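What you are looking at is a predicted structure, and each value in this text was computed from that prediction instead of being measured. Every heavy atom of this structure was used, including side-chain atoms; hydrogens, water molecules and symmetry mates were not. This chain uses plain numbering: 1 for the first residue, then up along the sequence.
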Amino acid sequence: MTPLFRRKAAGERSVTLIRKSGCHLCDDAERVIEKVCGELGVSWEQKDIADDPQLHDQYWEQIPVVLVDGRQHTFWRVDESRLRKELAG
């Protein structure tokens, strides 16, 4: 089993989108994350629940799920202004 989250340098922010293929809400979330993270210079990654049984068991009812610095920020719909505020703060 691989670790869910990699270690970050002090002060470095990160966003993880937990998704599954064929999910239109996941596609919407990806667009918001890509925009906000791109503008703020924050790294982000995607993980598919189909590739990780632990992620599937933990999040399958909430997809898409957005984690900020390894902690759950939101699920289902991503609010651009809320994500921006979290990352800028």
Side-chain angles (χ1 to χ4, degrees):
M1 183 179 338
T2 60
L4 292 179
F5 315 105
R6 54 190 163 94
R7 300 196 110 184
K8 302 289 178 196
E12 184 182 353
R13 308 301 306 267
S14 68
V15 174
T16 303
L17 171 60
I18 300 172
R19 61 172 301 145
K20 65 180 179 180
S21 62
C23 167
H24 72 280
L25 290 177
C26 300
D27 295 338
D28 293 345
E30 181 179 351
R31 283 189 285 277
V32 172
I33 292 167
E34 188 171 49
K35 177 182 179 186
V36 172
C37 288
E39 290 172 2
L40 297 177
V42 173
S43 65
W44 72 281
E45 64 182 340
Q46 301 183 62
K47 295 184 181 241
D48 192 310
I49 63 169
D51 298 333
D52 187 317
Q54 184 179 357
L55 289 177
H56 182 273
D57 291 348
Q58 187 170 0
Y59 295 117
W60 72 274
E61 292 181 316
Q62 298 177 330
I63 294 299
V65 175
V66 177
L67 308 176
V68 173
D69 301 331
R71 291 188 340 246
Q72 188 168 333
H73 171 74
T74 194
F75 61 96
W76 293 336
R77 300 217 181 257
V78 181
D79 181 275
E80 180 179 335
S81 60
R82 182 171 175 249
L83 179 61
R84 186 179 305 281
K85 183 177 178 179
E86 173 74 20
L87 293 172

Quick one: list whatever passes salt bridge (charged side-chain N to carboxylate O under 4.0 Å, His left out) with [X], sequence neighbours left out.
X   : value
K35 : E80
D79 : none
D48 : none

Return the minimal non-hydrogen interatomic distance between [X] and [Y], and the atom names on each side.
X   : Y   : result
Q62 : W76 : O-CD1, 3.3 Å
S43 : E12 : OG-OE2, 3.9 Å
H73 : V68 : CB-CG2, 3.7 Å
D69 : R13 : OD2-NE, 2.6 Å

Determine whether Y59 and Q72 make a side-chain contact, defined as any pair of heavy atoms from C-beta on separated by less than 4.5 Å.
yes
Looking at side-chain heavy atoms only, is the closest gap between T74 and L83 below 4.5 Å?
no
If you measure from [atom1] on [X] to [atom2] on [Y], what distance do you get to the nearest 0.5 Å?
X   : Y   : atom1 : atom2 : value
I63 : F75 : CD1   : CZ    : 11.0 Å
L67 : S14 : CG    : OG    : 8.5 Å
K47 : I18 : NZ    : CD1   : 7.5 Å
H56 : Q54 : NE2   : CD    : 13.0 Å

Could I get the full list of side-chain hydrogen bond (donor to acceptor under 3.5 Å, both in side chains) partners for R82, not counting sequence neighbours?
none
Identify each donor-acceptor pair in which a side-chain atom of residues 24-32 lies under 3.5 Å from a protein atom, sequence neighbours left out, and give them as a table.
{"unit_1": "D27", "atom_1": "OD1", "unit_2": "R19", "atom_2": "NH2", "d": "2.7"}
{"unit_1": "D28", "atom_1": "OD1", "unit_2": "R31", "atom_2": "NH2", "d": "2.4"}
{"unit_1": "E30", "atom_1": "OE1", "unit_2": "R19", "atom_2": "NH1", "d": "2.7"}
{"unit_1": "E30", "atom_1": "OE2", "unit_2": "Q46", "atom_2": "NE2", "d": "3.4"}

